[in-house]
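For the single chain, residues carry numbers from 1 onward in sequence order. This one's a predicted model, so the numbers in the text were calculated from it and none came from an experiment.
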Amino acid sequence: MQNTIKNINKLLASLPQVTATYGRRTSDDEEVTSLCADSRAVEPGAMFVAVRGPLTDAHRFIPAAISSGARVIVCEDIPGDNMPDGVLWVRVPSSAAALGHLASCHYGDPSRHLTLVGVTGTNGKTTIATLLYDMARKLGHKAGLLSTVVNKIDEREVEAHNTTPGPLELNALLAEMVDSGCTFVAMEVSSHAAHQHRIAGLHYAGGIFTNLTRDHLDYHKTVEAYLAAKKSFFDMLPPDAFALTNADDRNGSVMLQNTPAHHRCTYSVRGDADFRARVVEDRIDGMLLEFNGREVETMFVGRFNASNLAAVYGACILLGYHPDDVLPAISSLHPVAGRFQPFRSAEGVTAIVDYAHTPDALVNVLDTINEVARRGAQIITVVGCGGDRDRGKRPIMAAEAARRSTRLVLTSDNPRTENPQAILDDMAAGLDATQAARTLTIADRRQAIRTAAALAHPGDIILVAGKGHETYQIIGTEIRHHDDREEVCAALGIPFFNS
């Protein structure tokens, strides 16, 4: 795996479609020195793929790539004149998709040496992917993880910059996993990655769909386009793969329509499905669940986590494991960092840090808290919305939080280049007079968390939502250290141990 494939003809043979080639001919044994999609990284003899991105069209940089020594150009548009000698031009329908196939070939098709399972949807991707990684290790495998929080090559952590990396980084990581002895990989598949063809060329053993609610409309513009991006992942699954979808989400059946995957199954916590999870008992410290008629104690809380575990259970069974092995492993799983992560003070105040940053996710978390809270307990919610993102969800977030909370503290999330107060004003516009009367607006997130802790009494529950595992806050163009878990522990007067 460490020896990359550089033979030009082998690389080009990996492309599903080439519409035309121009320029020089290549010999059977001719190689490129490297494969790149950044003109600044081109070295003499490189193959340069000109990708049209959401912000930049790399076709503009083809002359710079040639000046730096690129000898093969893969692109969608070839100039009709002034074509330099000694350059092979390859025209393709989609440079982005071509890069995925070329990257996969370049790194030795690592996904074909792995059992690769992708997880897509609005909420639950990180939890399910991480738990599948944990399950694989508990079931005796070396495993890899590609997630929003962190990438893992067995036990070694690699910083994650995107939910789903670009094709070159993605295939390099997969190849490194193969070289490290990994046999299983769980990965999040973001809608951006699917739409931008970052996952083109990968071979999946299975795909999981969690749910679809309002998110990323700053990029996709419409819910229909967002849904189509998610569905495109299922449309690329191979026939020998499984497609596992959430029967409780009305879009679950959409994912199964016309997917090439022959094994099409569902999971549910509400009704009939191939894999059914039923909450027998729900507590603040865990749940007793029943999977297809068999009970197991878990360390997770809430119906949304029961749904996540149903997906994990179903995927493991579809991969060929027996329930007698799967259920004990599920009982030993721990919640994912920043996902319904509880902290408790000596006085009996519980704070929960969760990544919920969409209306639906916030509703799920708060409904769970209301179900397990003791009678008469206050539920105090601290929440904000990101700047330079979908403004339409801001009043919805505030209204949903207010309906399910005793007290509400609106605060900054990642304001980015927007005025923090303007974001808070957008959120407050969703509150009626009664809700506004029990809402505080505190732009400083640290102060908002400390205020919530000061308002709490023994038995109360504080929810700090929106950032979860993140250890930073983006204010303007500056990235500042901020960890909700650290701030919660400081506010409650307890030590923080980052596990």
Please set out all donor-acceptor pairs under 3.5 angstrom arising from side-chain atoms of residues 87-102, sequence neighbours excluded.
{"unit_1": "Arg91", "atom_1": "NE", "unit_2": "Thr19", "atom_2": "OG1", "d": "3.2"}
{"unit_1": "Ser94", "atom_1": "OG", "unit_2": "Ala97", "atom_2": "N", "d": "3.1"}
{"unit_1": "Ser95", "atom_1": "OG", "unit_2": "Ala50", "atom_2": "O", "d": "2.8"}
{"unit_1": "Ser95", "atom_1": "OG", "unit_2": "Glu76", "atom_2": "N", "d": "3.4"}

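- For Asp28, the side chain to side chain contact (heavy atoms under 4.5 Å, CB included) partners two or more places apart in sequence, or in a different chain, are Asn9.
- Every residue two or more places apart in sequence or in another chain that forms a side chain to side chain contact (heavy atoms under 4.5 Å, CB included) with Ala241 is listed here: Leu237, Pro238, Ala261.
- For His482, there are no ring pair (Phe, Tyr, Trp, His ring centres under 6.0 Å) partners two or more places apart in sequence or in a different chain.
- The ring pair (Phe, Tyr, Trp, His ring centres under 6.0 Å) contacts involving residues 114-150 comprise His141-Tyr321, where partners must be two or more places apart or lie in separate chains.
- For residues 231-264, the ring pair (Phe, Tyr, Trp, His ring centres under 6.0 Å) pairs, not counting sequence neighbours, are Tyr204-Phe233.
- Applying the side chain to side chain contact (heavy atoms under 4.5 Å, CB included) test between Thr122 and each of Asn211, Asp249, Asn251 identifies Asn211 as the sole match.
- Using cut-offs of 30° and 60° on the angle between ring planes, the pair Phe275 and Tyr313 is perpendicular.
- Taking the side chain to side chain contact (heavy atoms under 4.5 Å, CB included) definition, one finds that Asp57 meets it with Arg52, His59, sequence neighbours left out.
- Looking at Asp484 and Arg445, a side-chain N of the basic residue comes within less than 4.0 Å of a carboxylate O on the acidic one, giving a salt bridge.
- Applying the salt bridge (charged side-chain N to carboxylate O under 4.0 Å, His left out) criterion to Arg40, with sequence neighbours excluded, gives Asp38.
- Pairs passing the salt bridge (Lys or Arg N to Asp or Glu O under 4.0 Å) check and including a residue from residues 252-272, sequence neighbours excluded, do not occur.
- Between Arg480 and Glu478 there is a salt bridge, since a side-chain N of the basic residue sits under 4.0 Å from a carboxylate O of the acidic one.
- The ring of His469 has its center closer than 6.0 angstrom to the ring center of Tyr355.
- Residues satisfying the side chain to side chain contact (heavy atoms under 4.5 Å, CB included) criterion with Glu30, sequence neighbours excluded, are Ile8, Arg24, Thr26, Ser27.
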Check residues 60-74 and write down every donor-acceptor pair under 3.5 Å in which the side-chain atom is one partner and the other belongs to a residue at least two apart or another chain.
{"unit_1": "Ser67", "atom_1": "OG", "unit_2": "Pro63", "atom_2": "O", "d": "2.9"}
{"unit_1": "Ser68", "atom_1": "OG", "unit_2": "Ala64", "atom_2": "O", "d": "3.2"}
{"unit_1": "Arg71", "atom_1": "NH1", "unit_2": "Gly69", "atom_2": "O", "d": "3.4"}

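- Under the ring pair (Phe, Tyr, Trp, His ring centres under 6.0 Å) criterion, Phe304 pairs with Phe340, sequence neighbours left out.
- The closest side-chain donor-acceptor pair between Ser180 and Asp154, if any, does not fall under 3.5 angstrom.
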